[in-house]
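Side chains are part of it too, since the values below use all heavy atoms of this structure and drop only hydrogens, waters and symmetry mates. Just so you know, ligand 1 is whichever comes first in the structure, and atom 1 is the first atom listed for that ligand.
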Amino acid sequence: MQRTQLITTADLTREEVDFFIKEAEALRGKKTDDLKGLTCASLFFEPSTRTRLSFESAALNLGASLITVANASSTSMKKGETLTDTIRVIEKYADILFMRHPKEGAAAEAIRETKKPFLNAGDGANQHPTQALLDMYTIQREMGTIDGLTIGFVGDMKFGRTVHSILYLLRHYKVKKIIFITPGQLKIPNNYLKMLEDAGIEYLEDSELNKYVPEMDILYMTRIQQERFENLEEYYFLKGSYILTSDVVRLGKPEMKVMHPLPRIDEITAEVDGMPNAAYYREAENGVYMRMALLKTLAKNYYK
Ligand code: NCD
């Protein structure tokens, strides 16, 4: 694999996904010096807790040094500097870059200015490829397989970039069925359904959750993406559309796992946290190991 940059899951192959899952598992709990002598620029122009800190933790676990932008308003972008100029300069300060940005397409724009290892840590409602990979790793770890599963995605499929990203990866596997549970206003964009059809993966869309929980192996909850709404009234109307309680989890198979990229607002009640089905904190931990795998591999391919 020659990959040095990760912008979208659309161009990842099954071989690459399987490789990164294996590598994440191999790096689990380890501290290495694979990135010793290299500096990572951690660029977050949009709020983040897990993605930024797990990326930074991953970089430190591999022995890298770090420079960080944790807040767009602390940079010259606030003064009106373009993303192009920002990247042209920062790529001179660092050997590896990862960036979150509120604009769709920002990561693709950034790599026009740098050939160095670069990872998209989320660009608007578009893509969040490292989350998709850590979610695949979590499914593999929790269920022992990805093939043959029925996976339910619940909540905001219109703006939820983590779902958009993972669908491109699931199409490479023999997934049994994908179930999208959304309010009518937050349906998954048609291009993703077309992609599943092309891949021969069965899917269905509905707005009722309880009816479908019994057939799910994975129940993937999402947050209604408040920051992407033009009309906040609409957000407040849709907020609370789905609340996963322990009673709803009990409708499912005992081995069903509940995932969530987090942050959770009100869509999973706290009583679910203690159930063996709740995999979301393990999912967040897996982010460190998957990001170690990605940083190590992309850096190795570039700095041979
Ligand atoms: C997700 C994101 O930023 O898209 N969070 C994350 O990276 N763990 C999901 C969300 O914000 O709802």
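- A cation-pi arrangement, defined by a distance under 6.0 Å to the six-membered ring centre and an angle within 45 degrees of its axis, is absent between Arg100 and Phe44.
- Heavy-atom minimum distance, Arg291 versus Ser54: NH1-OG, 2.6 Å.
- Salt bridge status for Lys194 with Asp198: present, with a side-chain N to carboxylate O gap under 4.0 Å.
- The immediate protein surroundings of ligand 1, defined as residues with any heavy atom under 4.0 Å of it, consist of Thr51, Arg100, His128, Gln131, Arg161, Thr162, Arg223, Gln225, Pro261, Leu262, Pro263.
- A parallel orientation is assigned to the rings of Tyr192 and His164, their planes being inclined by less than 30° (bins at 30° and 60°).
- Between Glu271 and Arg250 there is no salt bridge, since no side-chain N of the basic residue sits under 4.0 Å from a carboxylate O of the acidic one.
- The environment of Tyr303 atom OH is dense: over 12 non-hydrogen atoms of other residues, nucleotides or ligands sit within 6.0 angstrom.
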